[in-house]
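Working notes, structure below.
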Amino acid sequence: MKKIILVLLIVLPFLAQLVVLPFVNRIDPIVLGLPFLQFWLFLWIVLTPFCTFGIYQLQKSQGGLD
Amino acid sequence: MQQGNLTALSITICIILTVVLIGFLAGRDKATRSSVEEWSVGGRRFGGLLVWFLVGADLYTAYTFLGLTSTAYTAGSLAFFAIPYSVLAYFISYFFLPKLWKVANHHKLTTLADYARERFDSKLLSSLIAIVGVLMLIPYICLQLSGIQDTLQVAGTGFINVKVVVITSFFLVALYTFFSGIKGPTYTAIIKDVLVWAIMLFMVVSLPIMHFGGWNPMVDKIVTEAPQLLTIPTEGPKGIPWFITASFVSALALFMWAHAATGVFTAKSADAIRKNALYLPLYNIVLILVVFLGFIAFLVLPDGTDPRFALLALIQTSYGGIGQGLAYSTIALASLIPCSIMAIGASNLFANNIYRDLINPKVKGAKLTMITRGMVFVVIGLALLFGLVFPQALVSLQLLGVSGMVQIFPAIVVSLFWRNQTREATILGLLVGLAVTFTVYSTGTSLGIYEGFWGLMANFATVVALNPLFVKKAKFSTNDVKDYLFGRKSKEIDLVRKGA
């Protein structure tokens, strides 16, 4: 289970910021004053550190860090 | 060129001189230049926050601000490729930098080329990596140079001789770098980063209000008048495939730059680096807003404005003397301080991995430290020479910088995880990668994909295909770095050696 979450957390930032770009490449809807593409990129500036933090915690709990 | 503003110019020059003074004061203590390790990576004693400032100062340069706004001005949302690029660069760095730092710390290494030499027992590979690093870094220093030159030109036309001031300021930077080593740019980096955040946020809040009556009216105006700016082009030579591959390859390349590696090696622990990987993406919030400044420039500035001056012209038309002065000095510092770190990175490569590994292997101690420090003048001098005398000759190298740098990724990063990666396959992969990148670039056959991507694919393919030919030797040989990374397999190897 932990392994699946780990893989997911690693893959997610790449999927969100590279692979899905053709689908978020649009102006509408405007969210928080940002056109959608810009909002999406902004969102992942904030979410990527959470993925990293999750990975950090998982590795720590498994004693993989020193 | 329009006449500059005297108040703005005086503020800019005052701030530059103050920062240069602090750069010198940072090196009061003689210990800062007592050895290569002290001078170039601060004896590896910097905590998380200091590394954050240093790496931030390092990577967000005058060129970032001027280049991104001018890309936004001419090519719209293609400029946003910088966002996934730098967010992913830090994310990827989480997985390899702590390990690389540990090896470097344990074996007292100060450059990436040092690591490659020890990992593969190959001075050929280390000097190749150093040559690529220096060759790509000098044009990058030139970019910083043209950044400050443009800024002073806008600020000081009619008052000063821009070239003389540029040469003087770079000489001062070289001098304080020679004197204080990495301590100089670190302390001044804090001032620069605080100014960058304050000024960029101030501009992002005030400019939409001044020109459009607020952020939302501005966005509405872009949506109705210039919607093409807001999405990535779906056709044309640079579209979504370019955007994706450029982001990805640049993300892999970021920490291959000598100045980025220098910043990382100053950290005092692997955990400081992990924390940095966590927090550095937040720096990009500034970046996304800077791209919008380019859109404002597009709507506000008259047609025919040179895109290179988009941000500077926007500042000039929007603010009075004090506002202009603070903005110009921010950009000037964003050019001078990274320059100092880049010069340290390049000097270090040159002295350790070209001069020592290739020309004079016996050099060490005080003499090597002196040569490393002295190289600062050579590196900055070369950048000045090329930048002022042959600005056109460097354009290709600047464009190819990232694509060239990423080719050392297999040698530096993959080798941390793949025990049986061989020296021969790695060297050939690096050469094939460089050759393919340059060929694709010069023949214009990139097919809408980032040049470096083709090079890197060829590089990987070469390493994987040729590795089995040489793997026998690598499998049964070991060295300190391999032992450190993969644990000792001595029993097995001893048996083979004895011919058992």
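Everything quoted here is computed from the prediction, not taken from an experiment.
Closest non-hydrogen pair, B:Leu88 versus A:Gln17, comes out as CD2-NE2, 3.8 Å. B:Leu278 and A:Phe53 get closest at one heavy-atom pair: CD1-N, 3.3 Å.
With a 4.5 angstrom heavy-atom cutoff, B:Ile240 touches chain A only via side-chain atoms. No part of B:Thr245 comes within reach of chain A, as not one of its non-hydrogen atoms sits under 4.5 angstrom from that chain. For A:Ile30, the part lying under 4.5 angstrom from a heavy atom of chain B is the side chain only. For a residue to count as touching a neighbouring chain, one of its non-hydrogen atoms must lie under 4.5 Å from one of that chain's; by this rule B:Tyr90 does not touch chain A. Looking at A:Leu37, only its side chain comes within 4.5 Å of chain B, counting heavy atoms on both sides. With a 4.5 angstrom heavy-atom cutoff, B:Tyr279 does not touch chain A via any of its atoms.
Of the inter-residue distances, the one linking A:Lys60 atom NZ with B:Arg274 atom CZ reads 9.5 Å to the nearest 0.5 angstrom. Annotation: the span from A:Ile45 atom CD1 to B:Ser86 atom OG amounts to 7.5 Å, rounded to 0.5 Å. For the atom pair CD1 of B:Ile83 and OG1 of A:Thr48, the computed distance is 11.5 Å after rounding to the nearest 0.5 Å. The line from CZ of A:Phe42 to CG of B:Asn284 is 11.0 Å long, rounded to the nearest 0.5 Å. Between the CG atom of A:Leu18 and the CD1 atom of B:Ile244 there is a distance of 6.5 Å, given to the nearest 0.5 Å.
Around the NZ atom of B:Lys99, the shell of radius 6.0 Å holds more than 12 heavy atoms that belong to other residues, nucleotides or ligands. Within a 6.0 Å radius of CZ in B:Phe417, other residues, nucleotides and ligands contribute more than 12 heavy atoms.
Proximity to chain A among residues 69-80 of chain B is limited to B:Ser77, B:Phe80, judged by heavy-atom separations below 4.5 angstrom. The stretch residues 287-299 of chain B places B:Ile288, B:Phe292 near chain A, each with some heavy atom under 4.5 Å from a heavy atom of that chain. Within residues 210-228 of chain B, the residues approaching chain A closer than 4.5 Å by heavy atoms are, in numerical order, B:Trp215, B:Asn216, B:Val219, B:Val223, B:Pro227.
For the options B:Ile285, B:Ile232, B:Val87, heavy-atom pairs under 4.5 Å to chain A are most numerous at B:Ile232. Chain B forms more heavy-atom pairs under 4.5 Å with one residue of A:Ile55, A:Val24, A:Leu34 than with any other, namely A:Ile55.
Between B:Pro84 and A:Trp44, every side-chain heavy-atom pair lies at or beyond the 4.5 Å cut-off. For the pair B:Phe243 and A:Asn25, the minimum side-chain heavy-atom distance is 4.5 Å or more.
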All N/O donor-acceptor pairs, side-chain side in residues 9-16 of chain A, below 3.5 Å, sequence neighbours left out:
none

